[in-house]
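The shown structure was predicted, so the numbers you read here are calculated from the model rather than taken from an experiment. Side chains are part of it too, since the values below use all heavy atoms of this structure and drop only hydrogens, waters and symmetry mates.
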Amino acid sequence: MDKVIYKGLTLSLVFFALALSCARAEAYELVGLPGSTWGNATYDADGISGAGTMGFLRQGIDWLRLPGDIKLDTYAEYRWLLRTKNNAFYNSTGPVLGVELRHSVFRLGIDYYRQYFTELSRTSNNREIYLDWYYGWDLKRFFSSSYFMGLPGSTWGRLTYDMTGLNGSGAMGYVNQGIDWLRLPGGVMFNTFAEFRFRGREKNTRFYDASGPAVGVELRKWMFRAGADYYWQRYPGLKLTSNHMQYYVTWYYSWDLLKK
């Protein structure tokens, strides 16, 4: 079974590389070659999660534009999810292959994830259906004030249906509202924010499910954000509330290889 899976992944990646070559040779007029990377490094002073990092690196192909300005995309991705404490059903890495429909702030798709649980020395071949969204705004246009430079906010979320039954259905995301107070030397923006976060799934939930509000301070420049927040985090499976500081660095960068 593993040999078949490896062959499938290899053939898919070869096809992906050939598609890129064809696009560069203009043998087929693709809509785009979008890619992106997102990740963070954190330290939670709660004794539950410890230090951690999560993120992904993705390269996709936008094959065509459907009616309603919907783009059809296939992609290859590498994900990681790691932390130092209570990590048995948390720490995992692996490659992903997927297909999705993208419109406005939404992404609807299905992917295959070869997930290796590092602490369990166990590999899970997952298939999931998902719906992602991201939307950002700035409320400053509704206010006139010289005390701040902006009122940026955003929401991100992900709904999943695990077709293999390992983790079950799940949801995670946040809603954030901030204030840009001033621009520091070097073009660094100083921001404070309030946020609500949530994370949950049907199975293996004890050290995973968590939700609660957070307030924080952040420095932002280009693709990077660095800051500290105070998080009132409740673990329903543990019947435990952890109020703690978290320190973080996060990044996001996107590109399109068809655009110069």
Side-chain angles (χ1 to χ4, degrees), residues 8-9 11-40 54-81 92-115 125-138 152-164 167 169-176 197-201 222-225 250-260:
L9 285 170
L11 289 173
S12 298
L13 292 174
V14 169
F15 173 75
F16 185 80
L18 289 174
L20 287 176
S21 299
C22 290
R24 289 182 180 277
E26 298 184 352
Y28 178 77
E29 187 176 354
L30 300 174
V31 176
L33 289 172
S36 60
T37 179
W38 171 86
N40 68 24
M54 67 171 66
F56 66 79
L57 176 64
R58 169 191 284 208
Q59 180 58 56
I61 305 174
D62 284 344
W63 293 99
L64 67 149
R65 195 184 303 272
L66 301 173
D69 197 30
I70 298 172
K71 292 180 181 178
L72 174 64
D73 177 270
T74 59
Y75 61 88
E77 183 175 298
Y78 183 82
R79 299 176 187 168
W80 69 92
L81 187 65
S92 58
T93 65
V96 183
L97 295 173
V99 58
E100 72 178 17
L101 299 173
R102 190 169 73 251
H103 176 67
S104 183
V105 303
F106 298 101
R107 297 171 181 256
L108 174 65
I110 183 170
D111 63 33
Y112 173 83
Y113 181 17
R114 187 170 177 81
Q115 187 176 19
N125 301 310
N126 299 331
R127 297 178 303 278
E128 69 176 5
I129 300 171
Y130 63 87
L131 174 65
D132 287 359
W133 69 87
Y134 175 82
Y135 181 69
W137 59 82
D138 192 332
S154 62
T155 178
W156 172 85
R158 182 176 178 91
L159 305 177
T160 58
Y161 174 71
D162 181 5
M163 300 170 68
T164 60
N167 295 318
S169 300
M172 66 186 308
Y174 69 79
V175 179
N176 174 290
R197 305 167 183 165
F198 60 92
R199 183 180 71 223
R201 62 191 185 194
W222 190 40
M223 58 182 281
F224 297 102
R225 297 169 182 256
T250 186
W251 66 89
Y252 176 78
Y253 184 70
S254 63
W255 60 86
D256 190 329
L257 297 180
L258 281 187
K259 294 181 179 180
K260 296 181 181 180

Would you compute the distance between atom [atom1] of [X] and atom [atom2] of [Y] and round it to the nearest 0.5 angstrom?
{"X": "Ile110", "Y": "Ile129", "atom1": "CD1", "atom2": "CD1", "answer": "5.0 Å"}
{"X": "Leu97", "Y": "Arg114", "atom1": "CG", "atom2": "CZ", "answer": "11.5 Å"}
{"X": "Asn167", "Y": "Arg201", "atom1": "CG", "atom2": "CZ", "answer": "4.0 Å"}
{"X": "Trp156", "Y": "Tyr174", "atom1": "CH2", "atom2": "OH", "answer": "8.0 Å"}
{"X": "Arg102", "Y": "Lys71", "atom1": "CZ", "atom2": "NZ", "answer": "5.0 Å"}
{"X": "Asp62", "Y": "Asp73", "atom1": "CG", "atom2": "CG", "answer": "4.5 Å"}

Check your understanding: Are any non-hydrogen side-chain atoms of Asp132 and Phe106 less than 4.5 angstrom apart?
Key -> no
Heavy-atom closest contact ([X] atom, [Y] atom, distance):
{"X": "Trp137", "Y": "Asn176", "value": "CZ2-O, 3.6 Å"}
{"X": "Ser169", "Y": "Tyr161", "value": "OG-CD1, 3.3 Å"}
{"X": "Gln59", "Y": "Trp255", "value": "OE1-NE1, 2.8 Å"}
{"X": "Trp80", "Y": "Thr93", "value": "CB-CG2, 3.9 Å"}
{"X": "Ser36", "Y": "Tyr252", "value": "CB-OH, 3.8 Å"}
{"X": "Met223", "Y": "Tyr253", "value": "CE-CB, 3.7 Å"}

Check your understanding: Would His103 and Leu101 count as a side-chain contact (heavy atoms from CB on, under 4.5 Å) if you check the C-alpha gap in whole Å, the side-chain angles of each, and the deciding distance to 0.1 Å?
Key -> CA-CA 7 Å; His103 176 67; Leu101 299 173; over 6 Å; no
Revision key, fill the gap. With Tyr130 as partner, the option from Asp111, Leu159, Asp162 fulfilling side-chain contact (heavy atoms from CB on, under 4.5 Å) is Asp111
Practice item. With sequence neighbours excluded, tell me which residues meet side chain to side chain donor-acceptor pair (under 3.5 Å) with Arg107. Key: Glu100
Check your understanding: In chain order, what residues pass the side chain to side chain donor-acceptor pair (under 3.5 Å) check against Asn126, with sequence neighbours excluded?
Key -> Gln115, Ser124, Thr164
Check your understanding: So, Thr74 side chain and Gly98 main chain: donor-acceptor pair closer than 3.5 Å or not?
Key -> no
**Study point:** Residues Ile70, Leu72; criterion side-chain contact (heavy atoms from CB on, under 4.5 Å); working and verdict
**Key:** CA-CA 7 Å; Ile70 298 172; Leu72 174 64; over 6 Å; no
